[in-house]
Amino acid sequence: MAFAAGASTTSVSQAAIAQAEASLVGTWSFDGRQACKSGPAWVFSPDGSYSEVMLPERTPRGTGGWREQDGSIFYSLAVPASRTQRQPRLERRMTIIERSPDRIVAVTQRRVRHVMHRCR
């Protein structure tokens, strides 16, 4: 990319960098389990599906769908793969109130606060 003499480059804001680095794709442990050694976690896939797992074994206990839009995570409740779903799944919402590349704090519509840590 060529720049004219005297032109300044546009810098990307720190918030935009953090937003890009905080992609939801990957494994996120719930409710203060930063070490990712035990407890519930969600594995977000790029195709819009997620698996609900228990750490450390990461065996899927259910699957659902997710999308991120306007500062919120919209998701369907996870159901076991063995259960056939005849009714459409209701979509739930968590509003993101804090976000960094490795930590997300979100609240549900019922004002339940969840702290999620990225598992590496």
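Any value given below was found using the heavy atoms of this structure, including those in side chains, with hydrogens, waters and symmetry copies removed.
In this structure, A78 and G62 approach most closely via the heavy-atom pair CB-C, 3.8 Å. Closest approach of R103 and W28 over heavy atoms only: N-CZ3, 3.9 Å. For L24 against W66, the heavy-atom pair with the smallest separation is CD1-CZ3, 3.6 Å. For the pair V53 and R58, the tightest heavy-atom approach, listed with the atom from each and the gap, is CG1-O, 3.6 Å.
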| request: Kindly indicate, with the supporting measurements, whether the criterion side-chain contact (heavy atoms from CB on, under 4.5 Å) is fulfilled by C36 and T27. | output: CA-CA 9 Å; C36 297; T27 303; over 6 Å; no
| field | Derivation of the side-chain contact (heavy atoms from CB on, under 4.5 Å) call for E68 and V25 | value | CA-CA 11 Å; E68 184 178 4; V25 173; over 6 Å; no
| task | For side-chain contact (heavy atoms from CB on, under 4.5 Å), just list the numbers for I73 and I96, CA-CA rounded to whole Å, side-chain angles, deciding distance to a tenth of an Å, and then say yes or no. | result | CA-CA 7 Å; I73 302 168; I96 298 170; 3.9 Å; yes
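Residue M54 holds its CE atom at 7.5 Å from OG of S38, rounded to the nearest 0.5 Å. In this structure, OG1 in T95 is found 13.5 Å from CZ in R113, a value given to the nearest 0.5 Å. In this structure, the separation between CD on E98 and CD1 on I104 is 11.0 Å, given to the nearest 0.5 Å. Atom SG of C119 and atom CG of D102 lie 10.0 Å apart (nearest 0.5 Å). Rounded to the nearest 0.5 angstrom, H114 NE2 and T108 OG1 are separated by 5.5 Å. The distance from atom CZ of R61 to atom CD of E52, rounded to the nearest 0.5 Å, is 8.5 Å.
Between the side chain of R118 and the backbone N or O of P101, at least one donor-acceptor pair lies under 3.5 Å. A donor-acceptor pair is defined here as one N or O able to donate and one able to accept, closer than 3.5 Å; such a pair exists between the side chain of S76 and the backbone of G65.
Cluster annotation: F74 is not connected to M116 through the hydrophobic network of ILVMFWY side chains, with a link wherever side-chain heavy atoms come within less than 4.5 Å.
Note: Y50 and W42 have tilted aromatic rings, judged against thresholds of 30 and 60 degrees for the angle between ring planes.
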